[in-house]
Amino acid sequence: MTATTTPSRTPRALSAGTMLSGGALIALVGLFALLSVQMYAENLSDAAYAASYWFGTSLQILFALVIIFVALRIGWGQHVGKQWFFVGLGVAAYAAGDIAWTILDLHLGLDPYPSVADLFYTLEYAFFFIAMVLAVRSYRSITDLRTPVIIGAVISVVAAAAMYFLLLKPYIFAAGVEELGTWGLVVSTLYPLGDVFFMLGPAMTLAIVIMRLGAGRLAWPWWIVVVGALVFSMADSLYSYADWSGAGSSTLLEMGWMSANLLFALAALVARDVYRVR
Amino acid sequence: MSTLSDRVVSTLGPYVGDTVADTCVRATALSLGKTADDLTPSDFPTLEANVRRLLGPVAPTAVVDQLLADIERGL
């Protein structure tokens, strides 16, 4: 064998396909944001309102399809394929919740909270948590995971304490079963706790693991997932607080879930590129 | 660092970061009872086994195959 003569492969930047697909998804979300402002201001006809409502729901379905497609392309037999498949299932569960919510609210005229939609929404936490556990565990042969897991758990507990004193104790527990019903109390408690224990904490753990390793391009998609999880947990918690405290929601706040799932879809597109050597 | 160590870090670094790439080198050296500087191209089979074990969970097999081929081609 001879001394090194072949230069190392220079990783490509993101492909044109990813830039175009990602740009299209961002543009669609931008369009929905504009429609959402009009929906909030009640400037739309009934038909336009219904079409805009379904447009938003359809975007969630599109995000889920993008992620699941990428996961299947990577392959279920691959460790990383499973990780992305569970991220996709999480977004798909959220999309199913949106479909149920839209039908109940828009077409049946029923109060969609609490309802079967919440069952699907809360499933996103479970699937996302599984994805994060798998992603963090994939580094177990490379680095010690104990410290990142402990830090992630501490962040979760501190955030949960904040949720308890700012939201659960003064509003949700105060309302109790009498006002919310059993199912309403369960899901109203589950959302803020799910945000911190199943989204924020695991995402922070993964962020610490890849930050400590100074990870290269294979970590790019996971950084986007971490940002998405932060956006999701912040938006969800702030929405709950705004709703219960009477501060009132806003279009920006309601775009939080859409933005988070958009980020998960963009992350999957980036993953498709970084897992491709040639 | 030896040619093999340099090659591993320069090839894997952009994908998994220099820390992980260096971990692959050190794990190989450790399993052979050598230092990173003492690794030679003849140690590639052991390196390959360690890279597959460490990177298998974080990257698809095709990516690991390609990176190993890149390392081997440069030796």
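Keep in mind that what you see is a predicted model, and the values were worked out from it rather than measured. Lettering follows sequence order; numbering is per chain, from 1.
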Given Ile151(A) and Met204(A), is the side chain to side chain contact (heavy atoms under 4.5 Å, CB included) satisfied, shown in steps?
-> CA-CA 8 Å; Ile151(A) 294 173; Met204(A) 288 296 94; over 6 Å; no
Check the pair Glu124(A), Phe264(A) against side chain to side chain contact (heavy atoms under 4.5 Å, CB included), reporting the backbone distance first and the verdict last.
-> CA-CA 12 Å; Glu124(A) 176 160 22; Phe264(A) 295 149; 3.9 Å; yes
Start with the C-alpha distance between Phe198(A) and Leu193(A), add both sets of side-chain angles, then the distance that settles side chain to side chain contact (heavy atoms under 4.5 Å, CB included), and finish with yes or no.
-> CA-CA 8 Å; Phe198(A) 295 128; Leu193(A) 295 183; over 6 Å; no
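Your options are Leu12(B), Leu55(B), Thr19(B), Asp18(B), and the one with the most heavy-atom pairs under 4.5 Å with chain A is Thr19(B). Top candidate by heavy-atom pairs under 4.5 Å with chain A, chosen from Ala21(B), Pro60(B), Gly56(B), Gly13(B), is Pro60(B). With chain A as partner, the option from Val58(B), Val20(B), Asp65(B) having the largest number of non-hydrogen pairs under 4.5 angstrom is Val58(B).
Atom OH of Tyr275(A) and atom CZ of Arg73(A) lie 14.5 Å apart (nearest 0.5 Å). With rounding to the nearest 0.5 angstrom, the CG atom of Leu266(A) is 6.5 Å from the CD1 atom of Ile224(A).
Contacts of Thr61(B) with chain A are made by both backbone and side-chain atoms, with heavy-atom separations under 4.5 Å. Contacts between Leu213(A) and chain B at a heavy-atom distance below 4.5 Å involve backbone atoms as well as side-chain atoms.
One N or O on the side chain of Ser5(B) and one on the backbone of Ala36(B) form a donor-acceptor pair closer than 3.5 Å. Without hydrogens or angle criteria, Ser237(A) side chain to Met234(A) main chain gives no donor-acceptor distance under 3.5 Å. Tyr125(A) contributes a side-chain N or O that, together with a main-chain N or O of Tyr191(A), makes up a donor-acceptor pair within less than 3.5 Å.
A pairwise comparison of heavy atoms in Leu39(B) and Asp43(B) identifies CA-OD2, 3.4 Å as the closest pair.
A heavy-atom distance below 4.5 Å is found between the side chains of Phe55(A) and Leu28(A). The shortest side-chain heavy-atom distance between Met258(A) and Phe63(A) falls under the 4.5 Å cut-off.
For a heavy-atom cut-off of 4.5 Å, chain B lies close to Gln78(A), His79(A), Val80(A), Gln83(A) in residues 77-96 of chain A. Residue-level contacts of residues 138-147 of chain A with chain B, in order of numbering, are Ser138(A), Tyr139(A), Ser141(A), Ile142(A); threshold 4.5 Å between heavy atoms.
No hydrogens or angles considered: nothing links the side chains of Thr11(B) and Asp70(B) as a donor-acceptor pair under 3.5 Å.
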